[in-house]
Number of protein chains: 2
Amino acid sequence: MKIDTVFDALGSTPRRKILAYLSETSLTAGEIAERFDMSKPALSKHLKVLENAGMVKSEKKGQFVHYSLADQNMLATLHSFLTTFCPVGGPLKREGAAIARARRKAT
Amino acid sequence: MKIDTVFDALGSTPRRKILAYLSETSLTAGEIAERFDMSKPALSKHLKVLENAGMVKSEKKGQFVHYSLADQNMLATLHSFLTTFCPVGGPLKREGAAIARARRKAT
DNA sequence: ACACTAGTTAACTAAATAGCTAATTAGTTA
DNA sequence: TAACTAATTAGCTATTTAGTTAACTAGTGT
């Protein structure tokens with residue numbers, strides 16, 4: 001699961017609202033579409049983005065598709081996010097550190 | 001500070017890279033632009049988005065503008081994010097709960 | 001089989017976004 | 001003052017994205 005897809009998924013107000021709406025109970029695609037006064041196809045697309053990002057899961061029951069949050073992935077994602085900004089970090093972070101070191105030597 | 005502006009700011013790969021790059025040290029606009037092989041105006045726009053979201057702060061020193069992370073806001077933001085998905089929540093969350101209740105009565 | 005409902009896919013349009021270059025503002029230095 | 005550097009703003013273009021309607025797939029019920 002790519003962290004970028006998660007942030008892209010979150011970078012949309014309608015999708016954040018969908019997530020909040022799903023936070024208490026699972027809902028069918030139709031129930032969500034009705035709540036947000038949005039066409040079903042538009043909603044279907046948002047749900048797919050969220051599902052690709054691993055933030056939502058779906059289960060087909062008869063002709064209905066029930067959507068719900070995939071919590072544990074959310075937490076893993078947030079952890080990954082925090083490690084970028086707070087403690088250890090990726091290559092770019094190390095690059096920044098190298099610049100800071102070079103500066104201390106220079107002055 | 002609006003939570004939506006924060007997520008909009010994060011919903012961009014270049015901006016997430018800029019944040020990671022800034023995570024170790026403050027940098028001037030020019031240093032960042034150079035690193036990302038992007039024109040200064042394009043970068044200036046990203047920095048403004050990040051600053052409006054309260055994730056980055058700037059300080060002018062002579063002709064240079066030094067940018068750095070505004071950490072405490074990041075944490076406040078993340079807390080707000082977590083409260084949406086994990087424990088208590090906003091109006092939409094309550095709406096979802098109401099639906100769940102109605103269902104329990106109906107069945 | 002037929003009609004009906006839930007959902008997704010396809011094809012398209014309109015609006016927002018990311019990037020550029022050129023021009024401008026502000027600070028430095030000769 | 002003039003020349004130079006850092007950064008932002010203005011104005012533009014190209015791409016992406018969000019939304020639409022129409023068509024299609026699949027499940028339910030008569």
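Every heavy atom of this structure was used, including side-chain atoms; hydrogens, water molecules and symmetry mates were not. Residue numbers begin at 1 in each chain, while the letters A, B, ... track the order of the sequences. These numbers come from a predicted model, not from an experiment.
- Residue E34(A) contributes atom CD, which lies 14 Å from atom P of dT5(C) at whole-angstrom precision.
- Judged by distance alone with a 3.5 Å cut-off, no donor-acceptor contact links the side chain of Q63(B) to the base of dT28(C).
- A residue-by-residue look at D37(A) and V65(B) shows that V65(B) has its nearest nucleotide of DNA chain D further toward the 5' end.
- In this structure S44(B) satisfies the side chain to side chain contact (heavy atoms under 4.5 Å, CB included) test with no other residue, sequence neighbours excluded.
- Put simply, chain B comes within 4.0 Å of DNA chain D, heavy atom to any atom, from dT5(D) to dT9(D), going 5' to 3'.
- Put simply, the side chain of L10(A) does not reach to within 4.5 Å of the side chain of L10(B), judged on heavy atoms.
- Between T5(B) and N52(B) there is no side-chain heavy-atom pair separated by less than 4.5 Å.
- In this view, E51(B) and S58(B) satisfy the side-chain hydrogen bond (donor to acceptor under 3.5 Å, both in side chains) rule, not counting sequence neighbours.
- Nucleotide dT20(D): paired with dA11(C) (Watson-Crick or G-U wobble, both distances less than 3.5 Å).
- Put simply, S12(B) has no side-chain N or O that comes within less than 4.0 Å of OP1 or OP2 on dT17(C).
- The closest side-chain heavy-atom distance from K61(B) to T28(B) is not below 4.5 Å.
- Under the side-chain hydrogen bond (donor to acceptor under 3.5 Å, both in side chains) criterion, S39(A) pairs with no residue at all, not counting sequence neighbours.
- Whole-Å rounding puts the K60(A) NZ to dT5(C) C1' distance at 12 Å.
- Looking only at distances, a side-chain donor or acceptor of R15(A) sits under 3.5 Å from a matching main-chain atom of D8(A).
- With distances taken from any side-chain atom of F64(A) to the nucleotides dA6(C), dT28(C), dA18(C), the minimum falls on dA6(C).
- Residues meeting the side-chain hydrogen bond (donor to acceptor under 3.5 Å, both in side chains) test with Q63(A), sequence neighbours left out: none.
- Rounded to a whole Å, the CD atom of E59(A) is 14 Å from the P atom of dG7(C).
- Applying a 4.0 Å cut-off to non-hydrogen atoms, the residues of residues 38-47 of chain B that approach DNA chain D are K40(B), P41(B), S44(B), listed by residue number.
- The backbone N or O of Y67(A) sits nowhere less than 3.5 Å from a side-chain atom of K57(A) that would complete a donor-acceptor pair.
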